[in-house]
Amino acid sequence: MRILFKRRNSHQLATLLTNSIFLTIAVLILVMMLQNYQVNREVVAQEVARTKTQTQSLVQEIFNFHLKSLEIQQDSYSRSEPLVDAIHAEDSVGVDRFFSGLDHVLPNLSPDLRFLTTSDGVVWDDGNSQFYGIEGARLTVISRDIVVGSDWHVAQVPSSMGTHYLMVRRTPVVDMKTGEVVAHLYIGVVLNNNYSLVNVLASGSNADELFLAVGSEIIASSTKPEDTRHIEWLEQSLKSINASRYLVSRTDLTISNAPTFLSVYNIQGNEHIDSFVQNQYLWMVFTGVLIAFFAVYTRLWLGKRVSVELEKLMLYIKSTLKSQHAVNFEGSAIEEFHRIGESFELSFKRLDERDKQFADLFNFSLSPITLWNKEGELIRYNPAAERSFKDEKVKSCLLAELRHHIRMCAQGATLTGVNTTINGKTFRWNLSPIISDDSTNQVMALGQDVTSFVEAEKQSQAAKEEAEESARVRADFLAKMSHELRTPLNGILGVSQLLKHQLQDKHALEHVDVLCNSGEHLLAVLNDILDFSKIEQGKFHIQHSEFRLVELVNTAENIFRPLCCEKGIALKMTREFSEDTWADSDLVRLNQILFNLVSNAIKFTHKGEVNVVIRCVEKESQHLLEMEVEDTGIGIDESQLTAIFEPFTQAESTTTREYGGSGLGLAIVHSLVELMNGQIDIISQVDQGTRVFITLPIDIINGERDQEQRTLLIEPSEMFDESLQVLLVEDNHTNAFIAKAFCEKYGMTVTWVQDGRNAIEYLKENDDIALIMMDNQLPNLGGIEATRIIRDELRLSTPIYACTADGMQDTKQAFITSGADYVLVKPIKELALNKAMIHFKENFYHQP
């Protein structure tokens with residue numbers, strides 16, 4: 001098989017490694033340089049900001065100090081007696097001499113102009129206002145603007161030389177002898193071209209150049225006018241972190257913490273920062289050159305070193321593939337290549353081993369293995385397949401059977417469990433595609449002779465069907481037996497109940513009681529058999545409902561205490577829970593468990609007592625219902641304890657003859673306990689008694705609950721106010737007689753028909769029927785089908801009460817599904833019929 005490789009955009013390993021290393025190092029260095037640049041930039045920015053902040057604070061402090069000095073001087077000589085005397089004498093010359101003397105002593109603290117005002121206006125000025133082109137009348141305006149306080153005021157004053165900006169302060173001149181304010185002294189500082197103020201600020205703030213501006217206009221600077229910077233240049237330089245030659249900061253002046261429109265631009269040399277930045281750029285260029293040199297050198301050295309070792313590795317792989325068997329790897333000077341070579345060597349040896357194993361498996365396998373091409377042609381098979389399909393006719397059948405599956409598998413699907421029957425033998429095949437270069441070229445099929453397995457499956461299926469049929473037949477038999485047994489029981493119990501209300505003789509009533517008890521015993525045995533049958537078929541279900549737990553104790557006590565009194569034994573019923581405890585469980589099944597246990601205890605106890613304890617406990621956040629039944633009866637041998645839970649089993653063979661019973665009671669109890677996820681334990685000694693202990697999980701309900709309204713039995717004669725027409729559908733004469741007699745006790749008029757067809761024909765012609773009582777197994781047309789026809793075809797809504805001797809749940813459900821409103825189970829008892837009539841009265845009967 002020829003394999004073609006397509007070469008596209010191939011590169012040498014040395015080139016890839018060099019590029020990877022260079023790219024990694026370059027990225028790392030670039031990141032470090034950018035980080036270094038960013039850090040340096042942040043440091044420079046912080047240093048510049050700190051310098052600007054310091055300069056601004058310094059300029060503001062110097063400015064405040066200068067103003068404070070003027071304030072102190074002004075306040076000191078405003079209390080001078082010579083000045084007060086000159087003002088009292090209106091001696092202008094004396095005032096001039098006073099201030100001239102001060103200016104000679106402190107020339108640096110001399111204001112640019114002074115004037116005095118009284119209530120008569122300006123009474124004296126030093127004449128400097130005319131020097132600045134400010135008229136005398138303008139001084140009066142200034143004095144009027146400053147009427148209160150001793151703070152500095154910045155004023156914009158027009159003059160013959162243009163607009164001047166002044167800082168003016170007023171202070172009162174006080175006669176210390178009388179405390180009288182004789183005048184107000186005004187001093188002013190002209191800001192325009194105020195070189196003395198600017199030089200003080202420049203020298204104090206260490207500035208190379210300093211500019212005083214009002215808004216966007218420069219009014220004073222520390223340099224000559226021709227060197228004055230433009231305000232736009234100053235603002236641009238102010239925003240720069242590191243201008244090439246200058247560091248510019250701006251201080252917005254405040255006077256007495258009040259903002260003004262005065263700004264001071266401070267320019268300092270920036271050579272050290274500029275030099276720092278230049279050096280940083282040079283180092284970045286040097287690093288780039290170093291990276292390039294390192295990349296070229298690495299490429300040459302690594303390329304030579306890696307290429308040689310890689311070539312050795314490639315030669316080893318080619319020679320091994322060419323010889324088609326594993327060759328020892330000589331080793332490599334590079335550790336990674338050495339490990340790769342050893343890995344290849346180990347892989348080649350494993351491939352050789354697997355090839356040998358596959359060849360042995362293929363040749364010596366007892367199962368047929370075949371190899372097909374994707375067109376469905378057989379190209380190779382092992383000796384087992386050759387032995388199985390050596391006959392050409394058999395081989396052609398195999399090809400015909402598998403060709404379709406082979407083509408499906410060639411599309412990429414894996415098929416399992418494909419059966420083929422050839423010459424009386426069945427083979428099961430698993431087909432798997434052999435994929436190479438992303439395409440299926442061959443298909444392998446592994447077969448196995450499963451003739452015996454197929455036969456076993458057929459026998460198993462037949463056995464399963466036979467068991468299901470047997471179960472169905474048994475269930476059908478039980479249903480029929482239930483019907484056949486309940487039918488005569490209906491007659492026995494029905495006539496017995498009728499006789500009890502008619503006989504007056506005591507001995508006759510005792511005979512009837514014996515008859516009733518015998519019928520009830522036979523009915524109990526039949527019910528046990530049916531219940532056990534339901535459990536075996538998995539049709540026995542637990543139905544939850546809310547009830548008071550005390551009902552379980554009260555019902556058992558009411559039923560069994562008279563029996564114990566008749567036998568002369570004591571019955572102790574103890575409950576260990578409050579009377580208002582409510583539970584959520586299946587009360588019917590709990591009664592069934594307790595009744596079976598207590599009934600057995602009473603049956604096998606001739607003297608002594610039966611002690612019943614029912615308690616509700618909480619363990620591990622779960623409530624448990626515990627039933628304990630202990631008697632002093634005949635007991636059970638220890639060897640028989642496990643057998644008594646088996647169906648139709650009692651401890652001794654003589655027990656059944658002596659005490660009777662079906663032997664299903666404990667088996668039903670055991671099954672019910674398992675269904676309710678409980679546990680049962682039994683301890684017994686012969687002639688000492690038996691103790692049965694049952695634990696069941698139960699849900700306890702907290703809170704108030706409304707007690708269920710119990711069905712109150714009503715006397716038949718008081719049930720209805722009129723005679724109702726009843727259609728009785730019953731094929732058995734005895735059952736019909738019983739049912740008719742019971743209904744007549746309720747004042748009903750009964751019409752009897754013997755099958756479903758007669759019932760349908762009667763209903764077509766009569767519409768005065770108030771109630772239909774329908775039997776199940778009827779000739780010609782059954783009760784379930786007749787009920788369906790009455791509902792679906794006749795469209796009648798007349799109440800239908802089904803009466804069936806089949807106690808199976810499926811039969812009850814079938815009646816309800818077909819349209820029945822109530823189901824009575826034969827033999828019909830007077831109490832059950834009374835409850836049915838109460839149900840009819842509450843839901844369907846309308847009084848006239």
Side-chain angles (χ1 to χ4, degrees), residues 527-528 531-532 534-536 538-561 564 570-602 605 609-632 636 641-642 644-645 664-684 689-711 809:
N527 287 335
D528 283 346
D531 283 346
F532 187 76
K534 293 176 186 178
I535 292 172
E536 277 193 326
K539 296 181 179 180
F540 206 86
H541 302 290
I542 303 299
Q543 298 179 351
H544 286 258
S545 62
E546 295 183 6
F547 61 91
R548 279 203 315 158
L549 200 54
V550 72
E551 294 180 13
L552 184 65
V553 181
N554 294 340
T555 304
E557 186 172 13
N558 293 335
I559 291 176
F560 294 107
R561 188 167 294 282
C564 291
L571 175 64
K572 294 183 179 179
M573 299 289 295
T574 305
R575 58 176 174 87
E576 297 180 3
F577 52 84
S578 61
E579 189 171 347
D580 58 349
T581 300
W582 286 74
D584 185 1
S585 187
D586 193 330
L587 179 59
V588 175
R589 302 309 164 197
L590 292 177
N591 278 327
Q592 193 170 3
I593 292 172
L594 184 60
F595 288 2
N596 272 300
L597 295 179
V598 177
S599 176
N600 272 356
I602 294 174
T605 302
E609 64 181 14
V610 174
N611 187 18
V612 180
V613 180
I614 300 177
R615 64 177 66 91
C616 184
V617 298
E618 184 176 359
K619 293 183 180 179
E620 299 178 356
S621 69
Q622 182 184 23
H623 288 91
L624 299 176
L625 180 66
E626 296 180 352
M627 299 181 185
E628 184 178 347
V629 179
E630 187 175 7
D631 62 62
T632 58
I636 306 170
L641 287 179
T642 56
I644 61 172
F645 293 112
L664 288 175
L666 287 179
I668 293 174
V669 168
H670 187 268
S671 299
L672 288 176
V673 170
E674 286 186 343
L675 281 174
M676 300 178 77
N677 300 319
Q679 183 178 354
I680 182 170
D681 297 305
I682 183 168
I683 301 173
S684 183
T690 304
R691 176 178 176 270
V692 182
F693 188 81
I694 290 177
T695 303
L696 297 170
I698 192 169
D699 292 332
I700 298 300
I701 304 172
N702 298 317
E704 295 292 333
R705 288 291 186 280
D706 294 331
Q707 297 189 21
E708 285 190 37
Q709 295 294 329
R710 296 184 177 273
T711 304
Q809 184 66 29

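If you're wondering where the values come from, they're calculated on a predicted model, not measured in any experiment.
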### Task
Show the numbers, then the answer: is there a side-chain contact (heavy atoms from CB on, under 4.5 Å) between R561 and M573?
CA-CA 10 Å; R561 188 167 294 282; M573 299 289 295; 4.2 Å; yes
To the nearest 0.5 Å, how far apart are [atom1] in [X] and [atom2] in [Y]?
X    : Y    : atom1 : atom2 : result
N611 : E628 : CG    : CD    : 7.0 Å
I698 : M676 : CD1   : CE    : 7.0 Å
E557 : K572 : CD    : NZ    : 13.0 Å
D580 : L549 : CG    : CG    : 11.0 Å
D699 : E546 : CG    : CD    : 10.0 Å
L594 : I614 : CG    : CD1   : 4.5 Å

Heavy-atom distance under 4.5 Å between the side chains of [X] and [Y], does that happen here?
X    : Y    : answer
N600 : T690 : no
I700 : F577 : no
M627 : L552 : yes

### Task
Given side-chain contact (heavy atoms from CB on, under 4.5 Å), test L590 with L625 step by step and report yes or no.
CA-CA 10 Å; L590 292 177; L625 180 66; 4.2 Å; yes
### Summary
For L696 and G678, the nearest pair of non-hydrogen atoms, with its separation, is CD2-CA, 3.7 Å
### Task
Please report the shortest heavy-atom distance between V673 and Q679, naming the atom on each side.
CG1-N, 3.4 Å
### Query
Just by distance, do the side chain of T632 and the backbone of E609 share a donor-acceptor pair under 3.5 Å?
yes
### Query
Between R575 and V550, is there a donor-acceptor pair closer than 3.5 Å when you use the side chain of the first and the backbone of the second?
no
### Task
State which residues pass side-chain contact (heavy atoms from CB on, under 4.5 Å) with A601; sequence neighbours excluded, sorted by chain then number.
V610, V629, D631
